[in-house]
Trainee: 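Dropping the structure in here first, questions after.
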Amino acid sequence: MNPDKNIELMTSSTNRLLKNMEALTSSGTWELNFQTNTLTWSEGVFLMLGYEPNEFQVNFETGVSVIHPEDRERALAHMNEVLVNNIDYYIKKRLIKKDGRIIHVVSKANLERDEYGKPIYMIGVFQDITEFIKTKKKLKKSKKVTEILIENIDGIFWEADAETFQFTYVSPQVKKITGYSQKEWMSSPSFWMDHIHPEDRDFSVNYFHSETKGLKDHKFDYRFKKKDGTYIWLNNRVNVMHQEGVPLKLAGLMVDISNEKELSATLNDELRLKQNFLKTLPSVFYLFDESGKFLIWNNQLETVSEYSGEEIGQMHPLDFFLGKEKETVHHHIQKVLEHGHSELETKLASKSGKVTPFIFTASKINYQGKTCVFGTGVDISEITASKNLLSESYERFEFLAKATNDAIWDFDVVNNSLFWADGFHSLFGYDLSQTQPSLDLLISLIHPEDRERIVSMITAYFNPKCEQNKWLEEYRFKKADGTYAYVMDKALFIRDINGQVTRVVGSMQDISPRKEYEKSLQKLNEELEAKVKALAISNLELEQFAFVASHDLQEPLRMISSFMGLLKRKYGDKLDEKADQYIQFAIGGAKRMQRIILELLELSRIGRNETDLEVVQTEAFVNEIIEGLALKNRKGKFILDALPEIKTNKALLQHIFLNLISNAVKYAKKDLPLEVKISAEELKDHWKFSVKDNGIGIDKEYFEKIFVIFQRIHKDSEYDGTGIGLSIVKKAVEKLEGEIWVESEIDQGSTFFFTIKKIA
Ligand code: ADP
């Protein structure tokens, strides 16, 4: 084979190889020959620059001209430096393509020198690195973005070994968020763990480890102690990188969520508050959507309806109502949905069928993107009951107003309206269908003489400072027929908290008959008083008469007696037996007359001047009387039963006991030994004494008579007496403000009782 041909072949195959290689690697080859001062480009260079292969003749100038003007000087300087200082040729520069676009190339070359060190030629390669540069730029840019992100986000980027859980990286944020520098953080393997709040530590570490082992990306919150000692809430989001079921690396982000935590704590508080509010709300609260499904309700609904929360969750609002109410409630809901709001008074039926009156107020709202009805219901049983009570009490009032004999009136101060009940017709004759009552009318009907007094009194009651609310006055009120009736008007003034009178309710009673009666009574009293006066005068006159009479009568009596005695002494022997007997009778009669007169005198004197009071030991006092009597009369048995010490008029008491005891002695039975018992008993206001004998007794028919003057049961011959004694006793007892009476039985004895008023 021809060696030249061989060389040619070799050259062409080398060329082919070069061409393919250049195309594959987007590179081109150049050669600078220092001996011929020529520059040659391979096809790759032409293609790289957008030319057809060998489109033009390359020389040194064209070689320089394709270099970017800004890089040209540097390129030539580098070439020079390679030639002078024998360094490697390596330069990055920009070339200008045929279409003007710019490409980045790396140019590397080898310099061949002759044995004298003189440069012969330089063979180099252009490598198009435009894409690489672009990618690098992009990378740089994205790195920048990541860095900016890393450094500006409120979180710490970190990386850790998935096996040892040792941090391998923490972003600079660590300083800003925790106060610790990256270096401090990395200083100890347990740094992170040591700074977790003790209460959160076990959970956080265990969860972190177990999720990592389970190859699960995860997140958890914990409190972390900052350098200044305070705690922040961190949210740690962990990305577990693994291969073939083995965790390799952990990367994550710790975000400061203290604010959110605080916010959610506040939100929680608020939510709790709302829930508590709803729970404790005395009203029923509910929220249901358009389909009628309950979304929210409070306990009160469960309590009132007797349905459990679970049941309510399945129920429709209409399920809480019965019969016709269902329809009303349905309309109410429709109204809310159409007009936004509605109010309804209805009856809610509980699970057990208990029906409770309720007022529901509902509004349309948008809740979680749905149109809903929310509202409250208030149990109005009490109000209804009190309403009923009110109407009942009003009925009662009306009934009362009708039933009573009084004229009831009701003045509504606020509206200045006066109501008159039927009484104004029945008592005063007013036709209520024709009369419009008013305060002015009322005042005009008061008698002119009473009007000023009544008006000024009412005015005083209207003063808010007046503390009196009940009013009672009598005045004359003009009737429909023009005559006046005496009325007693009783009123109750009702005030508000400021004392202002808001209402006055009253009743008028026609007291004319009573007034008439009072008048006649007064007249009667006056007459009676006059009679008493007259009686007192006549009594006094009578007493005076008795006194004078008895006094004056004694003188002629004494004369009769003494002359009769004289007659007997001087002419006794000349008179016969009969005449002697007559004289004897006349003397006896005179004596008797004298005795009567004396006793009458005593009676008339009783209580005249005897007002002196003294303490009397009644036992000793009575004993003295008995002893005085016993001397004159035959003895008897006297029993004194614990007689008290009393304060009284001694002279009057003397009259009483003396007469009673002497009667007991006088009217004793002849065949039976006398026995007299004197006892006393203390009553509330009086002393009660009794003088009991075992004498002849008194017939019942004479119980009253014996106390009347001159009334005697027995004949003078049988028992000596005047019939004045008990009259004296009675008068004395009455003077001592007591009473006297007798209990007796014929042949069994008598008991005289008398009382005398206690004197303090
Ligand atoms: P006199 O004793 O002087 O007749 P009195 O006024 O003392 O008058 O009594 C009136 C009458 O009452 C007596 O006449 C007598 O019939 C009756 N009488 C009074 N005391 C007793 C007595 N202790 N027992 C029975 N009869 C009596």
Side-chain angles (χ1 to χ4, degrees), residues 542-543 546 550 553-554 557 588-607 622 625-626 628-630 632-641 651-680 688-736 738-755:
L542 214 66
E543 277 176 6
S550 46
L553 279 175
Q554 281 195 80
L557 252 185
K591 264 191 187 158
R592 223 178 109 67
M593 180 77 159
Q594 195 178 22
R595 203 176 139 195
I596 289 172
I597 288 170
L598 279 175
E599 285 187 11
L600 259 179
L601 199 63
E602 201 177 295
L603 180 70
S604 72
R605 272 188 191 140
I606 288 264
V622 171
I625 293 171
I626 293 166
L629 287 172
K632 289 187 250 166
N633 299 291
R634 62 188 176 113
K635 283 196 175 178
K637 191 180 176 191
F638 294 92
I639 307 160
L640 273 60
D641 187 10
L652 293 175
L653 197 65
Q654 167 101 19
H655 282 300
I656 299 167
F657 275 119
L658 183 63
N659 276 294
L660 290 179
I661 297 169
S662 54
N663 275 352
V665 172
K666 183 159 64 177
Y667 299 105
K669 283 170 90 174
K670 296 200 166 70
D671 51 349
L672 193 76
L674 171 71
E675 191 179 302
V676 182
K677 188 178 178 185
I678 299 149
S679 323
K688 180 176 154 189
F689 290 94
S690 61
V691 179
K692 182 181 165 93
D693 64 48
N694 57 350
I696 58 170
I698 307 166
D699 195 309
K700 206 176 171 184
E701 105 180 65
Y702 300 111
F703 281 3
E704 300 280 329
K705 265 191 182 168
I706 52 170
F707 297 103
V708 179
I709 190 164
F710 300 134
Q711 293 287 340
R712 305 199 68 221
I713 305 168
H714 305 95
K715 281 191 204 118
D716 290 350
S717 53
E718 229 176 321
Y719 294 97
D720 183 30
T722 58
I724 299 175
L726 284 180
S727 303
I728 292 174
V729 172
K730 190 169 192 263
K731 195 171 175 189
V733 167
E734 281 167 0
K735 283 278 171 195
L736 296 176
E739 285 177 72
I740 183 160
W741 68 98
V742 68
E743 283 174 11
S744 178
E745 235 177 280
I746 294 284
D747 276 344
Q748 296 298 315
S750 313
T751 310
F752 283 85
F753 295 94
F754 69 94
T755 58

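All figures in this text were calculated on a predicted structure; none of them were measured in a lab. For ligands, and for the atoms within them, numbers begin at 1 and follow the listed sequence.
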Trainee: What protein heavy atom lies closest to atom 26 (N) of ligand 1? Include the residue and the distance to one decimal.
Mentor: Ile698 CG1, 3.5 Å

Trainee: Determine, considering heavy atoms only, which of Tyr667, Phe752, Phe707 sits nearest to atom 15 (C) of ligand 1.
Mentor: Tyr667

Trainee: Starting from atom 3 (O) of ligand 1, locate the nearest protein heavy atom and write down its residue, its atom name and how far away it is, to 0.1 Å.
Mentor: Thr722 N, 2.7 Å

Trainee: Carefully, step by step, assess Phe638 and Val622 under the rule side chain to side chain contact (heavy atoms under 4.5 Å, CB included).
Mentor: CA-CA 10 Å; Phe638 294 92; Val622 171; over 6 Å; no

Trainee: Please state which part of Asn663 comes within less than 4.0 Å of ligand 1, counting heavy atoms only: side chain, backbone, both or neither.
Mentor: both

Trainee: Mind checking whether Ser750 has a heavy atom under 4.0 Å from ligand 1?
Mentor: yes

Trainee: Using heavy atoms and a threshold below 4.0 Å, how should the contact between Asp693 and ligand 1 be classified: side chain, backbone, both, or neither?
Mentor: side chain

Trainee: For atom 12 (O) of ligand 1, what's the nearest protein heavy-atom neighbour? Residue, atom name and distance, please.
Mentor: Ile706 CG2, 3.3 Å

Trainee: Leu726 versus Asn659: any side-chain heavy-atom pair under 4.5 Å?
Mentor: no

Trainee: Using heavy atoms and a threshold below 4.0 Å, how should the contact between Asn659 and ligand 1 be classified: side chain, backbone, both, or neither?
Mentor: neither

Trainee: Measure the NZ-CD1 distance between Lys735 and Ile656 for me, rounded to the nearest 0.5 Å.
Mentor: 12.5 Å

Trainee: Check ligand 1 against Lys666 and write out every atom of the ligand that is under 4.0 Å from a heavy-atom position of the residue.
Mentor: 1 (P), 2 (O), 3 (O)

Trainee: Just to verify, which of Arg595, Lys666, Lys591 counts as forming a salt bridge (charged side-chain N to carboxylate O under 4.0 Å, His left out) with Asp720?
Mentor: Arg595

Trainee: May I ask you to check whether Phe657 and Phe754 place their ring centers less than 6.0 Å from one another?
Mentor: yes

Trainee: Suppose we measure from atom 4 (O) of ligand 1 to each protein heavy atom; which comes out shortest, and what is that distance?
Mentor: Arg712 NE, 2.3 Å

Trainee: State whether the shortest distance between N or O atoms of Leu726 and N or O atoms of ligand 1 falls below 3.5 angstrom.
Mentor: yes

Trainee: OG1 of Thr751 to CG of Leu660: how many Å apart, nearest 0.5 Å?
Mentor: 11.0 Å

Trainee: Checking a contact table here: which protein heavy atom is nearest atom 10 (C) of ligand 1, and how many Å away?
Mentor: Gln711 O, 3.4 Å

